[in-house]
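Here's the structure, in structure tokens; my notes come after.
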Amino acid sequence: MSADGILASAEAIAADVASGKRSAVEVVTSFLAQADRTADTLRTYLHRMPEAALETAAAIDRRRAAKESLGPLAGVPIAIKDNICVRGVPTTCGSRILERYCPPYDAHVIERLRAADAVIVGKTNCDEFAMGSSTENSAYAVTRNPWDPERVPGGSSGGSAATVAACEAPLSLGSDTGGSVRQPAAFCGVYGLKPTYGAVSRYGLVAFASSLDQIGPFARTARDTALVQSAICGRDARDMTSRAEATPIDLNDLERPVAGLTIGVPRAILDEAGDALAPSIRAALTSAASAFERAGATLIDVALPHARYAIATYYLIAPAEASSNLARYDGVRYGVRRGDGDLRAMYEATRGAGFGREVTRRILLGTYALSAGYYDAFYLRAQKVRTLIRQDFLEALGRCDAILMPVTPTPAFPIGEKADDPLAMYLSDIFSIPASLAGVPGLSFPATFDATGLPIGLQLVGRPFDERTILRVARAYEREHDAASRVPPLAAAGGGAP
Ligand code: GLN
């Protein structure tokens, strides 16, 4: 298959497989070959599954030969973040404590992807238990950014973003608690959608902060992002937060122009960010806003007055939930066990050896925030501020169809730059965390590149369960700009590893 093969959209691949123009085996083989070239350099995967992928592809080809109808993702390779359970396949969450853990079941999203005839090609690297913004907190490997291997791909779903950017797979899934799909998407120049809280069942997603966690897709086109979201969304009885309002997106809706839509820009937040917001990102935002205006959208200023408290609020709520979710890793039920003294000594040895520094920090922060005497002062107050942040968004989205804002204050930063400075790392999520606390959908779309060739993503935030409108706005941008169609030199066919 030619270079076009791995550059093709998931939509085009599925159409070719369904019509018999290409076999699923041929498609999967070409992506596996690309990953053979780049995955070791980029360290995108913790576990690859070429045999299983080729077997699935062959079964799809046999069904086509038997004239059975195929699903909307027929033969399309998809990579899965390593905190989402795939039956019989190692699922470590990037943590030593889950080394060798193989879940005996598929997550809901995996069942849905299999039903759509997608082909799972492996488990991608991530920050341990999805805590981080650079994928440097993985216990196993540091993933590199395909646009500049000396830089981080973002995180925590860094492997999922990088594998799509490097054309090792046209699609992947990540999870987003405070930005972990949107931020790596922006750093790697691909689309990343955090759906509305409740739009996708988390059954089989390893829990980090349950009031925030959402699974979301990465892709190289707006339409492909919608295709995956349509496949995985909706009610599932095994996650009581999942909702029937989350319905598949009609791709025709994405082709409707933006004329008539109102787009809000939170000017005060941008002013307040001052020098912390890179000039290249500020310029990209201004130019995107003008492009939407030229296309007939109405631009308005929106206020999100409580968004400035988002980081402080998130770092009380998310660690509090993490400290209770991670209590289950006790050396008894899952993964590794250390120490052979009494039970308490075994717990201490297992958890001490199994968790990395950032996870330990979060457990300590969260346990403290929840402890008697501090609960009202910290956790309860954070919940109240969270309500105010949600109200800000709902009010703003009552006046506009989508909010346009940055995803990140800077493009991808060098590996190691923030590794020893947790606060600097936390601040890199300043623009993604507000929508997470509000529970509204956020989309990172490839907007442009800075002068050094690093991708810049921008964020569209939408009304609850209105993923289609933010995808439609991004699709309108994609029709006029080429940022989404560029691929990093190392991923281009014939290009060697750096
Ligand atoms: N970077 C944020 C954190 O470390 C968000 C992570 C996420 O969305 N999973 O918590």
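Counting starts at 1 for both ligands and their atoms, following the listed order. The first residue in the sequence is number 1, and the count goes up from there. Remember, predicted model here, so these are calculated numbers, not experimental data.
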May I ask you to identify, for [X], whether its side chain, its backbone, both or neither come under 4.0 Å of ligand 1 on a heavy-atom basis?
| X | value |
| --- | --- |
| Ser180 | both |
| Phe208 | side chain |
| Phe129 | neither |

Quick one: does Gly179 get within less than 4.0 Å of ligand 1, heavy atoms only?
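Checking ligand 1 against Gly179, which is what was asked, there is a heavy-atom contact under 4.0 Å.
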Would you check whether Arg362 reaches within less than 4.0 Å of ligand 1, judged by its heavy atoms?
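Contact check Arg362 vs ligand 1: positive.
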Can you establish whether the number of heavy atoms outside [X] located under 6.0 Å from its atom [atom1] is more than 12?
| X | atom1 | value |
| --- | --- | --- |
| Glu395 | CD | no |
| Asp271 | CG | yes |
| Arg328 | CZ | yes |
| Arg381 | CZ | no |

Under 3.5 Å, N or O to N or O, is [X] touching ligand 1 that way?
| X | answer |
| --- | --- |
| Ala130 | yes |
| Ser133 | yes |
| Gly132 | yes |

Is there side-chain contact between Arg386 and Leu212, with at least one heavy-atom pair below 4.5 Å?
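Yes, close enough: below the 4.5 Å cut-off.
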State, with a plain yes or no, whether a side-chain heavy atom of Ser211 is found less than 4.5 Å away from one of Ile317.
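Heavy-atom side-chain distance check passes, below 4.5 Å.
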Check whether the side chains of Thr225 and Arg475 place a donor and an acceptor atom closer than 3.5 Å, and report yes or no.
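On atom types as modelled, these side chains do not qualify, holding no pair under 3.5 Å.
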Have a look at Asp176 and tell me which of Arg182, Arg202, Lys81 forms a salt bridge (Lys or Arg N to Asp or Glu O under 4.0 Å) with it.
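Of Arg182, Arg202, Lys81, salt bridge (Lys or Arg N to Asp or Glu O under 4.0 Å) with Asp176 is met by Arg182 alone.
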Of all the non-hydrogen atoms in the protein, which one sits nearest to atom 5 (C) of ligand 1, and at what distance?
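It is Tyr314 OH, 3.3 Å.
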Shortest protein contact, atom 1 (N) of ligand 1 (heavy atom only)
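Going by distance alone, atom 1 (N) of ligand 1 is nearest to Asp429 OD2, 2.6 Å.
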Do any N or O atoms from the side chain of Arg96 and from the backbone of Ala353 form a donor-acceptor pair under 3.5 angstrom?
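Not confirmed, Arg96 side chain does not pair with Ala353 backbone.
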Using modelled atom types only, decide if a donor and an acceptor are shared between the side chain of Gln459 and the backbone of Pro406 within a distance under 3.5 Å.
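At least one qualifying donor-acceptor pair exists.
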Check ligand 1 against [X] and write out every atom of the ligand that is under 4.0 Å from a heavy-atom position of the residue.
| X | answer |
| --- | --- |
| Ser156 | 9 (N) |
| Gly178 | 5 (C), 7 (C), 8 (O) |
| Met131 | 4 (O) |
| Asp176 | 8 (O) |
| Tyr315 | 2 (C), 3 (C), 4 (O), 10 (O) |

